[in-house]
Number of protein chains: 2
Amino acid sequence: MRKGRVTLKDIAVKLNLSPSTVSRALNDHPAIGDSTKKAVKRLAEVLDYQPNPMALGLLQKKSHTIGVIVPEITSHFFSAIITGIQDVVGPTQYNIMICISNESFEEEVTLVKKLSRMRVDGILVSPASGTKSFEHFQNLQKNEIPVVVFDRDCPGLDSDKVLVDDYSGAYQAVEYLIHSGCKKIAHLGGPLNLSTTKHRMQGYLDALEKNNMPIRKEYIQHVQGFSHNDGLKPAKKLLNQTDVPDAIFAINDNIATSAMHIAKKNGLRIPEDISIVGFDDEPHSTYFSPSLSTVWQPVYSMGMLSARILLKRLKDNNVAKNFREEIFKPELVVRASSK
Amino acid sequence: MRKGRVTLKDIAVKLNLSPSTVSRALNDHPAIGDSTKKAVKRLAEVLDYQPNPMALGLLQKKSHTIGVIVPEITSHFFSAIITGIQDVVGPTQYNIMICISNESFEEEVTLVKKLSRMRVDGILVSPASGTKSFEHFQNLQKNEIPVVVFDRDCPGLDSDKVLVDDYSGAYQAVEYLIHSGCKKIAHLGGPLNLSTTKHRMQGYLDALEKNNMPIRKEYIQHVQGFSHNDGLKPAKKLLNQTDVPDAIFAINDNIATSAMHIAKKNGLRIPEDISIVGFDDEPHSTYFSPSLSTVWQPVYSMGMLSARILLKRLKDNNVAKNFREEIFKPELVVRASSK
DNA sequence: TTGTAAGCGTTATCAA
DNA sequence: TTGATAACGCTTACAA
């Protein structure tokens, strides 16, 4: 009695009832008398009864837990998505297990296995930049664990998806640079196999082409990761050539700051000599000098929608086989780092 | 058979064994024959058997889950701590459930209840800035859930603690400002009831006093939250008075950037007219212009140690009643925002 | 309106 | 060396 938590049985004994009656009373079963219901609920309250989720889970073959796999949490981008997810899932019966893959395919696979072993009811995932194959996600689906992919697409994977029109965001940014008079627009692209990298790159290329601007290979560099340091070397390559670009469209805000750093170091004035545009609209980007022009994405909404789609699927017992694909529109935000 | 996951029983049936034998074989019980062990393990491998953690949890009254409560995850500070925790806990049998209180006492209480209901085996927590009472943590302890507090102290709460010598960090920073010739050193403090706020403030006050500098009330302002925007108003109050400070020691890097922002706007040169020092050493602080002087904290180590202490306690069945209190030393990092 | 009993998947105890 | 059984806490037919 002193040991361990209060159980249904404890309440049953104290009230001279059977555990099943207590269970039904707490679950507002119609066949239970009002007086017993009240008595049970009162005692449960007093004893601070908390149903054991493991017993429930075992019985219902559900963990009531949703796994969330993100590449990292330091950026506002992913942490805002997580906030969106939490705000939707929080009020429900589900718990969230946040896992960080550190942009590593291997860690992602490990996490997926772990979550699968845990019997999570569903998974929200934005794949690592190193992720090229999606077997691990398909294994989840084989185990009837629904997967919702967000932000970074997994081409070929049949699942619900909540994405951003990266192509449009990039196109907007580059077309704006063109219209502002830039003639030599460079691109600092992301890790090569990411869908976001590809789509933004395509937006960049198409914007140039549609505006009859030449595509110059030496104006395209790719970073290996998304942190400031990852951008320094590629930015140097871009800015240390004889025919210096007069604009850089960067894969994200961090990399844009790498470009700003190198540009300043090389004595270039921003935006007079070179315009710089990022992607993501990280909060602190506003406070750099000059403040960074960038492409905003509806991150919070993405998180919420991803969670809602998963919850709906769980509610419907994962029967619907028609997967949803939702695509959000990003928006260019012009600040002081561009003309 | 087709439905649901592979269980011990499935394996047992296929091999004409009893479930208990299979269980023992998988757990390398000495009394099981080598040949059966091999057969069982092989089949388990083939069938991709994954033990059901809920069954185990029910039996052992353990969830094998550790709850982590942090006020936010956007700062490098907390996300690095989380990384430290993950790196220690990841290789063990335990899972981590990361929860974000959004600096709100109410949300923190809700999270604690949720984790308690979940039967987490232990909790690592850094309290919200709104948290003044610690009953919710004491309730956990009553339920024999060990609590390790990190970074932000809970005065009066008996538990393991992993803290930083904020006093020393602040003292170092302010004394350095004094030695560099600043005469009018202001402080942008944090939310009032946080231990970190108090200790850094005391370090600031003592450094002034020990160096025979006057303490001027009008040079002390407090922010309500830790984001850039929270710092703008207090920074204005500090910098829009007639006798403008020639140095600001800010509670963290975000707030320091608020001060930088207002200082620049007011036409002050940094560091010629005013020195600014932050706290936390956020990675992007290096890339502001001028790069920010700040106080570094061993965040990753803090996360690792907190996790290790909790794991140790779990291993020892939470018997030891002598709580550990570990205090890390922070270090001043001088960059370009100060003389 | 309430109680009984079975079962979810696993391990530990006892017996064989 | 292995098997049968009970137990963990809960829900749900089925019975009363």
Side-chain angles (χ1 to χ4, degrees), chain A residues 1-41 43-44 47-65 93 116-121 143-144, chain B residues 1 3-41 43-44 47-65 93 116-119 121 143-144:
Chain A
M1 181 104 329
R2 277 272 78 56
K3 281 250 119 192
R5 307 277 192 110
V6 179
T7 72
L8 277 187
K9 213 174 150 192
D10 295 333
I11 300 182
V13 168
K14 295 215 185 187
L15 292 175
N16 265 322
L17 289 168
S18 74
S20 48
T21 305
V22 175
S23 165
R24 283 185 278 237
L26 289 172
N27 292 316
D28 265 327
H29 194 284
I32 300 293
D34 272 354
S35 56
T36 34
K37 255 186 206 174
K38 254 177 213 155
V40 167
K41 284 185 181 173
L43 188 58
L47 298 180
D48 191 25
Y49 167 72
Q50 301 174 326
N52 185 322
M54 277 146 357
L56 241 175
L58 185 56
L59 197 59
Q60 305 178 168
K61 293 172 188 282
K62 287 197 177 175
S63 63
H64 299 286
T65 299
Q93 56 174 331
S116 168
R117 264 205 312 276
M118 284 189 59
R119 269 80 171 162
V120 290
D121 297 338
N143 277 326
E144 306 196 9
Chain B
M1 181 100 337
K3 282 245 124 198
R5 307 275 192 110
V6 179
T7 71
L8 277 187
K9 213 175 150 191
D10 295 334
I11 300 182
V13 169
K14 294 216 183 184
L15 291 177
N16 265 323
L17 290 168
S18 75
S20 44
T21 305
V22 175
S23 167
R24 282 185 280 237
L26 290 171
N27 291 317
D28 266 328
H29 194 284
I32 300 292
D34 272 354
S35 58
T36 33
K37 256 186 204 172
K38 255 177 213 155
V40 167
K41 284 185 181 172
L43 188 58
L47 297 179
D48 190 25
Y49 166 73
Q50 301 173 326
N52 186 323
M54 276 140 6
L56 241 176
L58 185 55
L59 197 59
Q60 307 179 170
K61 293 175 189 280
K62 288 198 176 175
S63 63
H64 299 284
T65 298
Q93 56 173 332
S116 168
R117 267 204 310 275
M118 283 188 62
R119 269 82 170 161
D121 297 338
N143 278 325
E144 306 195 9

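Bear in mind the structure is a predicted one, so any value in this text is a computation, not a measurement. Below, chain A is the first sequence line, B the second, and so on; all start at residue 1.
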Between the side chains of B:Ser18 and B:Thr21, does any donor sit under 3.5 Å from an acceptor?
yes
For the student: nearest non-hydrogen atoms of [X] and [Y], plus distance:
{"X": "B:Leu26", "Y": "B:Ala44", "value": "CD2-CB, 3.8 Å"}
{"X": "A:Leu47", "Y": "A:Val6", "value": "O-CG2, 3.4 Å"}
{"X": "B:Asn143", "Y": "B:Ser116", "value": "ND2-OG, 3.8 Å"}

Boundaries of the DNA chain C segment in contact with chain B, non-hydrogen, under 4.0 Å:
C:dG9 to C:dT13
With sequence neighbours excluded, residues passing side chain to side chain contact (heavy atoms under 4.5 Å, CB included) with [X]:
{"X": "B:Ala55", "value": "A:Leu58, B:Asn52"}
{"X": "A:Leu59", "value": "none"}
{"X": "A:Leu56", "value": "A:Gln60"}
{"X": "A:Asp48", "value": "A:Gln50"}

Sorted by chain and residue number, the side chain to side chain donor-acceptor pair (under 3.5 Å) partners of A:Arg119 (sequence neighbours excluded) come out as none
Results of side chain to side chain donor-acceptor pair (under 3.5 Å) for B:Asn16 - residues two or more places apart only:
none
Decide side-chain contact (heavy atoms from CB on, under 4.5 Å) for A:Asn27 and A:Ile32; before the verdict, give the C-alpha distance in whole Å, the side-chain angles of both, and the deciding distance to 0.1 Å.
CA-CA 10 Å; A:Asn27 292 316; A:Ile32 300 293; over 6 Å; no
Extract from the structure each pairing of a protein N or O with an N or O of nucleotides 10-14 of chain D at less than 3.5 Å, listing the distance.
from: D:dC10; atom 1: OP1; to: A:Tyr49; atom 2: OH; distance (Å): 2.4
from: D:dC10; atom 1: OP1; to: A:Asn52; atom 2: N; distance (Å): 3.3
from: D:dC10; atom 1: OP2; to: A:Leu8; atom 2: N; distance (Å): 2.6
from: D:dT11; atom 1: OP2; to: A:Ser23; atom 2: OG; distance (Å): 2.7
from: D:dA13; atom 1: N6; to: A:Arg24; atom 2: NH1; distance (Å): 3.1

Bend across the helix from C:dT1-D:dA16 to C:dA16-D:dT1, to 10°, with axes taken over 5 pairs at each end?
50°
Under a 4.0 Å heavy-atom cutoff, the residues of residues 28-35 of chain B touching DNA chain D are B:Ala31, B:Ile32, B:Gly33
Listed once per pair and sorted, the salt bridge (Lys or Arg N to Asp or Glu O under 4.0 Å) pairs that draw on residues 25-35 of chain A, sequence neighbours left out
A:Asp28-A:Lys37, A:Asp28-A:Lys41
